[in-house]
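Every value quoted in this text rests on a predicted model; they were computed, and no experiment measured them.
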Amino acid sequence: MNKLGFAFPEENLPWSPERSIKAMVELGIQKAILSLPDGWPGAIPYNRETAQICKEHPDRFGFFACLPDLRETEAALKELAYVFDELHANGVSMSSSYGEGPNASTYVSGLTALAARVLNTRAARMRAEYIGDDAFEPIWAELDRRGAVVFVHGAQTPSSTPYPHPFLGVPVTEVRPPSGPCVHRKGAH
C-alpha cells in the first residue's frame, strides 16, 4: 500500500497490457492513453517501449510521449520530432516545472537531481523553470506547429508539510494556462 494517496488494487500490479485490457473490458473502456510525467532520465526508453505496446495493441492503447528535461532544449526538440515522426505518439506529457529550488521543482526531483549529478549533465547546473518560461519558446513553437496535444502534469512543489494527509497526496504546482483561461498563440487573431 502506498503511504500517499490511494492504494493500487493488487490485482492490477505489476502493470501489463494484458492486465490493463482485462480491466478496460470489465469497465467498458475502449481505449486508454498511456503516459508518465516527463523530465526524468528514463523518458527515451519509455517512449520506445510504450510505442511498441501501442503497435501490438493499436485498438486499445495510444500514448503521450515523455520529453527529456526541457531545459535541455536541443535534446527535447530532437526527441519531440522522433516521437511524432517515427513513434506516432498521440501527444506529449509535460511537468508544470523542471528542476529544483525555491521557484519550482520536478515531479521526480530526487531521481532527476541524482541522475544529473551522476551523469554530470548541464541540467544539474541549471535553475528551476516553469513551463511558461521564455526559455521553452522553441519547444512550444514546435508543438504549436505540429498542432500537438500536450498533457500537463503538476509537479511536486516544496512544502513545509510534504505529506499533509494520505487522501491529499503531495502538494503540486497548480496547472493553468499562462495567460488565463485562454492561451494566445503568436500570430493568432
Distance col, row Thr73:OG1 vs Leu80:CG, nearest 0.5 angstrom, shows 11.5 Å
Using a 3.5 Å distance criterion without hydrogens, assess whether the side chain of Trp140 forms a donor-acceptor pair with backbone atoms of Gly132. no
Pair Asp85 + Arg146: basic N to acidic O under 4.0 Å:
yes
Residues Ala43 and Pro68: closest non-hydrogen pair is CB-N, 4.4 Å
query: When you measure from the side chain of Asn47 to the backbone N and O of Cys66, does any donor-acceptor pair fall under 3.5 Å?
result: yes
With a 4.0 Å cut-off on N to O distance, would you call Lys22 and Glu18 a salt bridge? no
CA sep, side-chain torsions, deciding dist, call: Leu77, Tyr82, side chain to side chain contact (heavy atoms under 4.5 Å, CB included): CA-CA 9 Å; Leu77 286 169; Tyr82 185 78; over 6 Å; no
Requested in this report: Applying side chain to side chain contact (heavy atoms under 4.5 Å, CB included), run through Phe61 and Glu56 and close with a yes or a no.
Outcome: CA-CA 9 Å; Phe61 297 113; Glu56 293 169 4; over 6 Å; no
To the nearest 0.5 Å, atom CD of Glu79 lies from atom CD of Glu72 at 13.5 Å
| SB check Glu74 Lys78 (cutoff 4.0 Å) | no
Value for CD1 (Ile139) from CE (Met94), rounded to nearest 0.5 Å, stands at 6.0 Å
Kindly say whether Pro58 contributes a backbone atom to a donor-acceptor pair with the side chain of Lys31 at under 3.5 angstrom?
yes
In short, Ser35 meets Tyr46 closest at the heavy-atom pair CA-OH, 3.2 Å
Practice item. Using a 4.5 Å cut-off on heavy atoms from C-beta on, say whether the side chain of Val83 contacts that of Phe64. Key: no
To the nearest 0.5 Å, atom CZ of Phe63 lies from atom OG1 of Thr50 at 6.5 Å
Rounding to 0.5 Å, atoms CG (Leu27) and OG (Ser20) come to a distance of 9.5 Å
Distance-only, no hydrogens or angles: does the Arg60 side chain make a donor-acceptor pair with backbone N or O of Ala32 under 3.5 Å? no
The reported gap from SG in Cys54 to CG in Asn90 (rounded to nearest 0.5 angstrom) is 7.0 Å
